[in-house]
Structures are given as C-alpha cells and as structure tokens.
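By convention in this document, chain letters (A, B, ...) are assigned in the order of the sequence lines, proteins followed by strands, and residues within each chain are numbered from 1.
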Number of protein chains: 2
Amino acid sequence: MPTSRRSAKTPPRTPAAAAGRRTPTDAPNGTPADPAARPRSRSATDGSGRPALPKIADVAARAGVSTATVSRALAAPDSVSPDKRERVLAAVRELGYTPNAAARNLRAGRTSMVLVVVPKLANPFFNGVVRGADEALTAEGFGMIIGDLDNTADKEHRLVDIALAGHIDGALILSGRVPRHGARTMKQAGIPMVGVCVASDDPQIPAVLIDDAAAARTQVEHLVGLGHRRLLYVSGPRGNGNEIARWRGFTEAAAAAGLGAEAIQRAEGDYTFAAGTRAADLFLALPAERRPTGVVAVSDEMALAFIRRVAEAGVRVPGDVSVVGFDGIEVGDYCAPRLTTIRQPSRDMGREAARLLVAAIRGEPSPPGARVLGAELKVAESTGAPPRR
Amino acid sequence: MPTSRRSAKTPPRTPAAAAGRRTPTDAPNGTPADPAARPRSRSATDGSGRPALPKIADVAARAGVSTATVSRALAAPDSVSPDKRERVLAAVRELGYTPNAAARNLRAGRTSMVLVVVPKLANPFFNGVVRGADEALTAEGFGMIIGDLDNTADKEHRLVDIALAGHIDGALILSGRVPRHGARTMKQAGIPMVGVCVASDDPQIPAVLIDDAAAARTQVEHLVGLGHRRLLYVSGPRGNGNEIARWRGFTEAAAAAGLGAEAIQRAEGDYTFAAGTRAADLFLALPAERRPTGVVAVSDEMALAFIRRVAEAGVRVPGDVSVVGFDGIEVGDYCAPRLTTIRQPSRDMGREAARLLVAAIRGEPSPPGARVLGAELKVAESTGAPPRR
DNA sequence: CCTGAATTTGTAATCGATTACAAAGCGCAC
DNA sequence: GTGCGCTTTGTAATCGATTACAAATTCAGG
C-alpha cells in the first residue's frame, strides 16, 4: 500500500529501484515472484526523508565548490586553498561522504585491493602469514581479498577471474604449488605478484622464503645430535616446492651424518593431520627393531597426529621415538609433549611480502631475488635421546 | 565547439580507440625513465605487440555485433539469437575477455562481493565458519572480503569504509561483539547483514546461531552426570553475547543439579590459550580439597591450555579433573587426552548464513527470526568420573 | 497483403568518481 | 601598465560496463 508515493518525484526508475531500500519484509504485492531486479541499491530517498548515500556532487554543492575541487581536497589537500579545503572537509564530515569505490576504480584504474591466495586457510601457519600481510596492507591503505584454494583446483579459475576483472591491484601467492595456469594468466595481464614460502620458477616474481633445505638439515642434525641413527621422513605432497627443498635438505644432512639408505624411511604426506596418522600407522606396522627412533615431519599437524597415534599404541614420545615438526604453530605448545619444531616467522613473512607487493604495485622497482628470512629450531619436549636398547 | 559534428554518421570512436587499440600512454618516449608514470596498469602493449586486456567493445567488434548484444549474451543468453550468441561466446573465448568489475559495479550497483567480519581469524572455529561461507558464496557467484578484527577496535573503521565505499553487497558478522557503531552505520546505509553465532540486539538482522545456553547446560549435565559436584567455569569476555548466554546456561544447569554457589567458581577468560593457562594457575592456587573436579570452558583453546598447564603441575586429566571444551576444533582430537567438547557445526553455520545473506541481497524476503542449528556434546577422553576421595 | 504483437538488435544515456585542459586569479619584474 | 609564470579553480572528457528506449525484424492472424 505505501507504494503510491514512490512515483512522486523520482525519475523513471524501475519500480523495484524506486522501492529500493525498504525493509525486505514489506514486500508490497501478493505475488511471490518479485525476484531480484534491484538495479541500484544506492541513492533513493526511500520516502523516509533519510538522505541517500551522498555523492561527490552533493559534497561539492554543500561546500560551494566544484567536484574537481572536492576530489582534490581529498586526494591532494595541498593543491587546494586552505579555505576551500576546510569547507570541503566539513561538508564531507557532515554528509558522511565516502567516495564510491567502483567509480574511483573505473576511472583511476586502481582498486587498493590485494588478492591473497591461500592453499588452506585452516592451517594456522598460513593464518599467521595472512595476519602479517593484513597488518602491512592495512597500514598501506590496501584491503585484502582472501582466496582459499582449500586444495580444490577449480577455485583457481574463480580467483583468476577476480584478478582479471580488475578487482585487485596485485596478488600474494602463498601456495607451495603456485597455480601454474593462473599465475601465467595473471602475469600476462600485468598483475604484480609476490610469492610467500614458495620459490617460483619464474624469477620475475619476487618471493619471501625461508631456507627450506637448511631447515630440514637442522631437523636432522638435531636428531642425529641426540644420537638417533634411524630416521623417518614424513613428507609433503610430491612436486610441492617446499617439499622438494626439504627432502633435499633431509637427505643431504642424513648423508653427511653417515646414514645410509637403509637407515631412512619415507612416509608420503600432505601436511594434514590425517597424513600424520597414516604415517604413524606405517611406523607401527614395522617390526619394533626396524622402527626409526627419530621422525622428521614437514608440518606440525602431521607431527602432532603422528605423536597422538603412536602414543595410543603405547609408543612413548620422546622415550621411544622423537618427533620434530615444522612451522611452529601455537597449539604445538599446548599439546603433550610440547612439540619440538622449526619455527617459521610466518607473520614477518606475510608482512614483508605485503610490503614488497605494495612496492611493486606502486611501480617502485624492487631489488631482485628472494628475501630469505630466518627459521629457527625450537627445542621442546617431543625429542630426546633414542631408547638405549 | 569541436564536439558538434562528431555524432554525424561515422563511428564516433575516440582517437585512441580508432588508432587500433594503443595505450593512452604510448607517447613517443625516448626517456629511459619509464617505470613510474604508470597511470593505468592495464592495457599496455609493452612493446611486444601483445594485446591489452580486451574490453567489451573489442568483443563486439570481433563478433560483429553491438556491445549491448555482448552484454546480453553473457548476462541473459536466452535473449539473444543462438547465432549471435555463439559468435559472441567464441569471441569472448578467443580474446579471453572478462568484464571489468569496476565498470560493472558502477553501472549495475552490485559488486558480488561480501564482507566477512571475523573477530579472530586464527581461531579454527571461525575458520570453519569462513570456509562454509566461502563454499556457499562461491556457489552463488559471490566473492569474499575478509576483515579480521583481530580484537583491534580501529580496524572496524576501515571495514565500515569498505562497506560504505560500495565495495560490497552485504556483510557477514561473526563477531560475538557486533561492532556497534559499525553495524549501525552499515545498517543506515542499507547494507544487508547476517550475524553468525551472535544474537544481534537488532531483530532486523537475521542470524545463525546455536543455542548457547542449552549447550552450556549440556556441558554441566555431562559433568554432573559423571558425579562431579564442584565446577569451574572458564568464561569468555564479559559482555560478549555468547558468553552471557553460556553463563546463564551454566548457572541454570548447576542450580538444577542442586549445586550451590559455594560449589561454583569462575575464571575470567577470553577464548584464548593464554586465558586457559591463567585459569589453570587459578585452579592450581586453590587448596587441593577446594579444587573443582569438573571444568567447563567456553572454548577449546582455553580447555587445551588448561589441561596442559595442570598436567604440568602433576594434575591428571581426567583422573583428577575433568574438562569440557566448546567449539569442536579439529586439533582437539590430536591432543592427549582427546578433548570432550561441544561440537558447533561451524561449517554449516557459515554456509547457512551465507545463503541467508545472498537471499537478502537479492531482495528475497527471508522468514524472520534466527536459525538455530544443533550443537552436540562430543564425549572423548578429557572427562571421566571425579576422583573418589 | 496488411496490421499489430513479439522478438531481436543497436544507439546512446548512465553510473560517480578522477583528471586533462583551459580559464581565472595573483604576484612580480620590467 | 603590461606581460610572464605560478597557483587555484572549474568544465567536461573519460573509464567500461549495463540498460532504457527505439528501430528493425519476424511472425501470426485476418
């Protein structure tokens, strides 16, 4: 019934547009089908007298200047006389004006948004990176769109579309397996990218990394130093960039310690809890005398699940078997035993990568080559001397 | 004055467009300093002859139709003859065309983006919600901007700005403490919102919840059922909506079980590991005979940290004290003892909330009132009978 | 063969900002 | 007083899509 006054003044919008911004509950007519068709949600006075979202022209009118002056007063205050600048800012404040993002993006060709591609957001390690990135991006005036691949390939398309549609100014790629096709396409489109924890095959793409091989060597050296001579390596997915480097580091250090092929076992994993459990089952299936006494896992989640599973079977950690994790997630300190692990500076990595990306977006040439941050061994309770027998 | 005759008959292209798709910036530059001055990152031939990002006019030209037809062929295929539709789609494919988001948003007033406000992304529970939301949003053709409040108040401003700038069509609020000011402002701007795990004080904002009070009662009943008569409640932050309901449920159930005030203790917490540790210290400071034998924590992280801390002090779980958590995060199954907890259907909640939001964005009237999903007690190993003595 | 409705297509207006360009204002030196 | 250069301001073009409107086409019925 209240629909009568809507045509009073408004230009020939569609009915739905004129109805615009009412509470969804007061659907006027009985027809259940008045679907979608809400062309523009903004700028309708909606009968209540409440002003619509102000636009730059409104501000200009109120301040008694041109739209150009308003725009300048906001973007480059120094180029406007103090007098008008004040008037503009006052008008902005009074009206609660925020420049429309779409219009700005369209004209200026920038969005001040960054896409962060995460293989698995649920992983606390990536979480740390994201937080670091968020911190830096926020400080630089950028927003963040998160794309959680969640190990699903088809999400990639969507993310690339987001990029190609000009939603974003740049992308942060946290994936160990860089979306090949996607990265290619995005690069062709000239979208700046920075990798985190991932040495891209493309040297053009800067990256923030730790030295995976060195970290894996450290894991081995720690165990060997405690006296362990038979090791189990719980891997990441085959082909994964980090995995490759870590496996290399592992084998190098094992060889350097004089461990032969017979002293080394490998369980295939993929960083998840489930993989850790599987590795433990593999371990438990071995006859006791052939069991490794030291376990190198390339993620904390696998290490925790491994520990949990063997403990259930009566194997003590670190009494019977020592386990080193990788990442340094917070919860590792709240399980028993506390997890010995490689602590990656996830937050720093995210922050640093975001800064590099912003620099690239601004066109500042960045010094080539990857930034390598330090990772350290954090010794806790899940490792100790091997059983004597 | 020069504008007068351009609408005569010939295609009124701009000079640049007529010149065969050159970049606006390809002035005769001999200067080596070209890096800065990159007004628009898109559409540069970069000397290699590689074509710039195609626009709708390019597609139209290639398909031999008008831009309107291209737009329609993509948005409403049935309104275009099969013949032209095919030609258009082929051209789109060949050129790798993706409609520019800014232009579309500006004109159509929609962005197909949703803001998800998370109090703390690092919390695996919120992670589950986000994943569920992502799932549903992706399916509906929406993208997701995540705003991690990270318990910092000033982030809120930025998020509201993002909303007001028209970056998004709607918002999902996962905060227990809805940003008051922000929510108000966004509501005034007519931005659809849906709450998750949060009963908004505003009945207009639909929400997806569990019954917090009932869940807390279940926690108590479980412990009481095992024979516990002295309980410790490890709380959320004061004033938090969930906290209020859970505390109510806790006290109700305790009263119903005939536990007097002297049988109940309360430790102030905030859902974090650190709070769990603090609660444990408080517990340990009590003389043994006054110690509660059952602990109700309102987050798994607090429960895990509590267990860890008291275990260090030689208190056995569940031998000496039983602990029930809240949330059902994955890692609870990989710590020793496995955590007994309230499993919230986080993923379902996210999915459901996203669907509600999309419906609201599309203007479909949603049945009023909150959706209450079921939470269940998951009995594991951290609870058992109280010590006999 | 003609008329009117239904369908398909094209032309051009439009969204709301930024910014190129030109005009106006101002100060200073000749 | 005039002319030059610098700063401030306004006018209008522009970004790239969607879509209102009108024109063109098709088709059915009389």
Quiz item: Does OP1 or OP2 of D/dG16 have a side-chain N or O of B/Tyr97 closer than 4.0 Å?
Solution: no
Quiz prompt | Distance, rounded to the nearest Å, where A/Asn100 contributes CG and D/dC15 contributes C1' | solution = 13 Å
Self-check item: Proximal nucleotide (of C/dG16, C/dA17, C/dT19) relative to the A/Ala108 side chain
Solution: C/dT19
Quiz prompt | Interatomic distance, A/Lys84 NZ vs C/dG25 C1' [rounded to whole Å] | solution = 11 Å
Self-check item: Nearest-angstrom distance from the residue atom CZ of A/Arg85 to C1' of D/dT8
Solution: 12 Å
Quiz item: CD1 of B/Ile56 versus P of C/dT11: gap in Å, rounded?
Solution: 14 Å
Quiz prompt | 5′-ward residue of the pair B/Pro99/A/Arg72 relative to DNA chain D | solution = A/Arg72
Self-check item: Nearest heavy-atom neighbours spanning A/Pro206 and A/Met193
Solution: CD-O, 3.4 Å
Quiz item: Expressed in angstrom and rounded to an integer, what is the separation of A/Asp78 atom CG from D/dT9 atom P?
Solution: 13 Å
Self-check item: Sugar-phosphate only, base, or nothing, as touched by B/Thr69 at under 4.0 Å among non-hydrogen atoms
Solution: sugar-phosphate
Quiz item: Under the 3.5 angstrom rule, does the side chain of A/Thr67 hit a backbone N or O of A/Ile56 as a donor-acceptor pair?
Solution: no
Quiz item: With a 3.5 Å cut-off and just heavy-atom distances, do the side chain of A/Arg107 and the base of D/dG16 make a donor-acceptor pair?
Solution: no
Quiz item: Can any side-chain N or O of A/Asp169 pair as donor or acceptor with the backbone N or O of A/Arg110 at less than 3.5 Å?
Solution: no
Quiz item: Side-chain contact, heavy-atom cut-off 4.5 Å: B/Leu164 with B/Ile191?
Solution: yes
Quiz prompt | Nearest-nucleotide pick for B/Lys55, side chain only, options being C/dG16, D/dT18, D/dA17 | solution = D/dA17
Exercise. Could you check A/Arg351, A/Arg355, A/Arg362 and say which one makes a salt bridge (Lys or Arg N to Asp or Glu O under 4.0 Å) with A/Glu140?
Key: A/Arg362
Quiz item: Within this structure, what is the CG-to-P distance between B/Leu106 and D/dT14, rounded to whole angstrom?
Solution: 17 Å
Practice problem: For B/Leu74 and D/dT18, give me the distance from atom CG to atom C1', rounded to whole Å. | Solution: 12 Å
Quiz prompt | Atom pair distance, as rounded to whole Å: CZ in A/Arg110 and P in C/dG16 | solution = 20 Å
Exercise. Compare side-chain N and O positions of A/Ser81 against OP1 and OP2 of D/dT9 and report whether any pair is under 4.0 Å apart.
Key: yes
